[in-house]
Amino acid sequence: MSLLPYLWLVPALPFLGAAVNGLLVRNRHKGLATAIGVGAPGLSLFVALACLWEFLHRPGHAPFELLLYPWTAGDLAVDFAFLLDPLSAVMLFVVTFVGFWIHVYSAGYMAREPGYRRYFAYLNLFMGAMLLLVLGNNYVVMFIGWEGVGLCSYLLIGFHFDQDVPPKAGRKAFIVNRIGDFAFLIGLFALFASFGTLDYDKLNMAILANLELARAPFCLGLSLAGFVALCLFVGAMGKSAQIPLYVWLPDAMAGPTPVSALIHAATMVTAGVYMVARTNLVYQLAPGVLLFVAVIGALTAIFAASIGLAQNDIKKVLAYSTVSQLGYMFLAAGVGAYIAAIFHLATHAFFKALLFLGSGSVIHGMGGEQDMRKMGGLKSHMPATYRTFLIGTIAIAGIPPLAGFFSKDEILASTFAGGHFVLWAVGLLTAGLTACYMFRVVYLTFHGKFRGTRDQEHHLHESPKSMTVPLIILAVGAVAAGWIGIPAGMWELAGTEDRNLFHHFLSPVIATIPGEGGTGHALSHTAEISLILASIGIALAGILIARRAWGGGRGVAADESIAKAAPAFYRLLENKYYVDELYDRLFVRPLARLARFCWKVIDTVIIDGGLHVVAFLTELTGDLGRFTTTGNVRQYALYFFAGALALFWWMIF
Amino acid sequence: MSVPILWYLLLAGALFAIGAFGALTRRSGIAVFLSIELMLNAANLTLVAYSRLLGDRTGQMLVFFALAVAAAEAAVGLALFIGIYRLRRTIDVGRMNLMRW
Amino acid sequence: MTPSVLATAALMGVWLFTLINVTPIMLWLERRAPAFMQDRLGPNRLGPLGLFQAIADVLKFIFKEDVNPAGADRTLFLLAPTIGFVASLLTYLVIPFGPVVEIGGHSFPLVVIDSDNGMLMFLALASLSVYGLVLAGYSSNNKWSLMGGIRASAQMISYELALALSVLAALIPAGSLNLTRVVEHQVGHTLLGAIPAWGVFVQPLGFLVFLVAAFAETNRLPFDLPEAESELVAGYHTEYGGLRMALFYMGEYQSMAILSALASTLYFGGWTIPFVDITSVGAWIAGLPGVGDLIGTGLATALVGFTVLMVKTYAFLFFFIWVRWTFPRFRYDQLMRLGWKVLLPLALVNFIAIAALAVAGKV
Amino acid sequence: MELAIFVLLAGTALGSAILVVFHRNPVSSTMSLVVTLVATAGLFLMLGSPFLAALQILLYTGAILVLFLFVIMLLNVRRERTIHSRAPGLTWGAAICSAIFAGATMRLFWAAYATAPTPPLDAEAFSLRAVARELFSTYLLPFEIIGLLLLVAVVAASWIAKRPGPGEPGEVP
């Protein structure tokens with residue numbers, strides 16, 4: 001029996017769970033809410049794994065399409081159909097696997113929340129939308145999922161809607177995302193207008209059959225491909241928090257921590273990367289935009305990493321770290337290494353989800369405290385959390401043989417091989433910074449003496465099983481996820497054939513343009529090995545610096561001394577380069593002023609004034625005419641009927 | 001002997017005129033409403049007759065929609081009468097003269 | 001007189017006879033059945049099993065004085081019972097009780113109106129029966145009657161929606177408004193290879209909604225608010241007596257019988273027996289020694305079909321009685337809530353589900 | 001035969017229509033309208049649209065007019081002492097207007113169709129299946145809009161007829 005036709009169950013189950021939890025279950029039925037909220041993604045994971053298993057055994061990993069409902073409106077034919085190809089298979093695995101474990105974790109983390117049931121309804125809804133995004137076989141289904149995850153992100157960031165900050169953060173996320181989505185839509189319109197389809201397959205074929213059209217000048221001095229690529233990238237910027245649209249992601253940390261782990265680290269924010277990888281053919285046709293993507297990615301990476309150095313809120317650090325890692329992925333995509341980008345996406349999903357869940361465990365233990373300055377020495381209180389968090393940190397820092405190393409190294413190698421030496425240097429520096437600020441977190445949180453209140457110290461405890469088990473599972477993933485993509489150079493060193501499974505699996509997804517060489521740039525294995533050594537070296541250097549500064553019980557003292565040594569720079573970092581303030585000055589306030597102008601001048605003076613004049617005239621005529629109005633409804637009806645009759649007469653005779 | 005369509009049309013015209021007279025003169029709001037329904041019915045009859053005459057289903061479609069609209073109209077209209085009755089203890093349209101100057 | 005006109009007249013005669021006789025039988029059954037449920041005897045003096053009690057009841061109805069209350073709107077007061085009676089009497093026109101049979105060289109469908117609009121006609125005529133109750137309530141010039149009439153109109157409008165929706169859902173699998181097609185579809189298919197594709201198995205939810213709505217449409221307990229004796233004396237027929245009262249009773253029992261027959265037709269395979277071809281049963285009966293001279297295969301088949309349908313119908317009628325002595329009465333607001341907030345959504349869900357399944361080709 | 005049925009139905013419709021307008025008792029008016037509508041349904045049947053006939057009875061008489069009766073009984077509207085307006089000008093105006101209308105339309109119809117033969121009934125094109133197919137294809141959008149309209153009407157009606165709470169406008173002291 002083939003399970004693949006049941007692929008639709010994968011998104012349907014979470015949707016069903018959301019509907020049942022959201023509409024039918026009562027708040028007091030907590031057990032039922034848990035069973036449905038965790039069970040639906042669990043079943044979904046099960047089906048997904050079964051489908052993936054079958055997919056892996058398909059000859060040549062042939063893409064599988066599942067047509068559910070053909071939908072047409074005029075020329076626009078959009079099937080509600082799913083596509084399982086290597087790219088969506090990777091995403092499917094990441095989303096269902098990480099998603100399920102975060103659901104399990106949430107059952108423990110959110111146990112005392114009054115909105116428990118609502119939370120699971122939203123979270124399931126998110127899973128469904130994300131799976132729709134990943135599994136759709138055309139851009140419209142992707143866009144439905146794209147908007148769906150945006151909505152859920154908004155709902156979940158503002159989960160504590162009775163507080164002050166979360167709803168504002170949710171709104172900000174929503175509005176910033178709208179900017180990106182607008183561009184995304186325009187890109188889709190342009191694609192449809194030019195090629196008449198939005199199916200991935202058909203679109204790729206249409207473009208390949210009509211390369212001149214794609215390369216022809218289109219708009220804004222860009223070719224069609226360039227324009228589309230730019231529009232889609234702006235969309236990705238919004239969803240995946242790239243400069244300049246990254247500002248919402250750090251604020252999004254106002255949501256519950258598992259939400260940050262699932263939506264704002266592991267899955268939703270990587271949708272942009274997925275979309276760029278999905279559209280790789282268009283990007284390959286637009287080298288200029290591709291370079292732009294790479295530059296934005298590199299800038300975002302280093303920019304966010306430097307901010308991360310000076311943050312004191314544990315979740316904020318992780319948020320900036322996420323922004324930075326997403327920058328990495330776009331850097332990879334920008335230099336044409338789409339597979340590396342997806343690889344990093346997958347490994348990042350594991351270790352960043354792990355780190356967020358670890359921080360959640362810490363926050364849980366600290367009774368809601370997020371400021372690292374009040375932590376310290378948690379190692380002995382929360383051993384399981386500490387160990388798993390440390391694994392995550394090493395993984396993100398890029399120490400072999402943990403996951404982060406392989407993917408990050410592949411990105412750097414591809415950048416170097418592509419001849420982008422400046423970008424490579426930036427990436428390398430970012431890697432060092434990453435190792436440094438992540439170990440700062442570890443030292444401040446887990447080492448040294450406890451700096452919180454006595455109440456908090458008394459309250460400290462290891463988190464329940466439902467939270468630590470997902471931590472351990474994800475830690476295993478953070479260790480091992482990289483092994484499926486061990487680079488060719490290392491196989492050479494070991495004297496065996498190239499077994500970079502991930503590359504071989506995904507390479508059919510990357511389109512090749514006839515008449516042009518492949519995107520991969522050959523790099524000698526010696527060079528590859530030396531690059532690996534360089535990145536290990538800089539990671540170790542970062543760790544050592546962190547140890548010198550914050551290790552050995554020095555804790556927050558180091559921050560103070562840095563602040564004293566370079567006050568201006570530190571303040572700049574601490575205030576996140578004043579970007580929010582800048583946006584406030586540049587966009588928010590002028591807009592507010594414009595709105596005020598519209599209100600005070602255009603509306604009150606011009607429109608209302610005009611209306612007053614008209615109203616006065618009306619009143620005048622009304623005063624004259626009111627002698628005919630007796631208030632007798634039937635009389636009016638007679639006027640009406642006589643008038644209609646007169647018209648009738650006039651028209652007919 | 002088959003009935004000419006003309007007769008249906010004439011009947012519809014007569015029904016409409018009767019309904020119009022009732023709608024204009026009845027005092028009870030509900031009776032006015034009933035008369036309006038009568039007019040609607042006459043219009044429906046015309047449409048069906050034309051549909052038959054021209055061999056075109058469009059007339060039937062229109063009647064279908066007219067029926068649905070009549071249902072909506074009756075629901076809202078009767079609700080309005082209930083509201084008016086509650087406020088003013090009467091549904092005599094002659095005494096609903098709030099629109100008077 | 002052509003054979004088909006004769007056949008139609010015969011069919012109508014059979015139905016009329018059946019429906020008129022439902023009332024005496026039910027009057028008797030409604031006394032005896034609960035008596036046994038409550039471990040008492042019930043009327044057992046007149047005739048075998050007290051069967052003649054029914055006749056006595058009928059005689060009593062006929063010979064009672066016909067009272068016209070003061071201040072009643074005479075025309076409407078006299079009209080009301082007739083409307084209810086006739087409207088419920090007309091609805092049998094579309095219910096089939098057998099396949100097309102051949103009698104004397106002519107083929108006849110065993111249904112009066114063998115039309116694609118059959119079910120629509122049924123719904124249309126059934127919707128008229130509310131006028132009897134409403135007018136009775138209004139014209140009696142009695143506050144209990146008025147209350148009963150108001151309740152009856154609200155209740156019947158409300159539950160007609162759920163009833164119609166569940167009926168329409170039951171028609172979807174057969175893809176026809178013609179009830180003969182619906183019955184044929186139910187025997188022509190099986191579920192999972194073993195269960196006959198009776199409507200009740202295909203859409204248990206729809207059947208449930210239909211059943212509840214049918215109780216409400218016929219004003220039977222637990223939905224007998226229009227004539228709730230502990231609140232409204234006797235509701236809309238408080239002022240009626242004698243034969244007019246009997247007309248109300250007959251109208252009510254006929255609606256019950258018709259709805260039972262409809263339920264049997266839509267959800268329990270109508271005149272058919274699962275896995276048995278009743279035409280062959282008819283042939284077997286006609287082949288019995290001595291019978292074949294009396295009736296041909298066609299007539300025998302018609303008889304078998306009629307008997308099967310009646311057995312199913314009376315099973316439902318018994319269920320009506322059973323429920324009456326089991327459940328307490330609903331309160332008015334509960335009734336409205338059940339109708340609008342439970343049954344209507346359920347009927348919609350059922351309708352959409354069945355429609356979706358039909359589109360997917362699964363039913 | 002057909003002519004006789006037509007005359008019977010048309011006569012019933014006209015007579016009861018006059019009763020609708022002139023009967024004092026609102027319930028009798030409503031019942032007269034029921035008769036008119038049923039007669040019209042019969043005419044629909046004669047014109048070859050059994051679907052609309054069934055719908056007319058099901059919807060109009062079975063639901064809408066029951067609603068009327070329901071409201072009449074709920075408000076307990078009794079006989080009116082004078083059923084028509086006491087302003088003679090208005091009544092005469094209405095009578096004249098209606099007469100003009102009737103005369104004009106009838107003349108128009110007469111002039112246009114006095115000699116028009118009745119085309120044979122195309123049973124296939126007017127069958128329920130064909131009507132339904134057209135309704136759900138060509139007229140799908142209006143159909144959806146009507147559905148929305150009915151929803152809005154239901155919400156509006158239940159809101160308007162709701163007993164106002166304390167402090168709300170329309171509260172009955």
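Naming: A, B, ... by sequence-line order, numbering from 1 per chain. Just so it is clear, the model here is predicted, and its values are computed rather than measured.
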Handout entry: Heavy-atom contact with chain D under 4.5 Å, split by part of I157(C)
Key = side chain
Handout entry: Within residues 334-348 of chain C, residues adjacent to chain D where the heavy-atom gap is under 4.5 Å
Key = none
Problem - Contacting moiety of L135(C), where chain D heavy atoms sit under 4.5 Å - result: side chain
Could you tabulate the donor-acceptor pairs under 3.5 Å formed by side-chain atoms of residues 59-70 of chain D, not counting sequence neighbours?
residue, atom, partner, partner atom, Å
Y60(D), OH, E37(B), OE1, 2.7
T61(D), OG1, I57(D), O, 2.4

Handout entry: Side chain, backbone, both or neither of Y131(C) within contact of chain D (heavy atoms, under 4.5 Å)
Key = side chain
Practice task
Please report the closest heavy-atom contact between G175(C) and R129(D), naming both atoms and the distance.
Solution key: O-NH2, 3.6 Å
Handout entry: Side chain / backbone / both / neither for L128(C) at chain D, heavy atoms under 4.5 Å
Key = side chain
Practice task
Pick one of side chain, backbone, both or neither for I83(C), based on which atoms fall under 4.5 Å of a heavy atom in chain D.
Solution key: side chain
Problem - V130(C) versus chain D, the contacting section by heavy-atom distance below 4.5 Å - result: side chain
Exercise for the section: Can you measure from CG (L45(D)) to CE (M121(C)) and round to the nearest 0.5 angstrom? Expected result: 5.5 Å
Exercise for the section: Count the heavy atoms belonging to other residues, nucleotides or ligands that lie under 6.0 Å from CH2 of W144(C), then report whether that count exceeds 12. Expected result: no
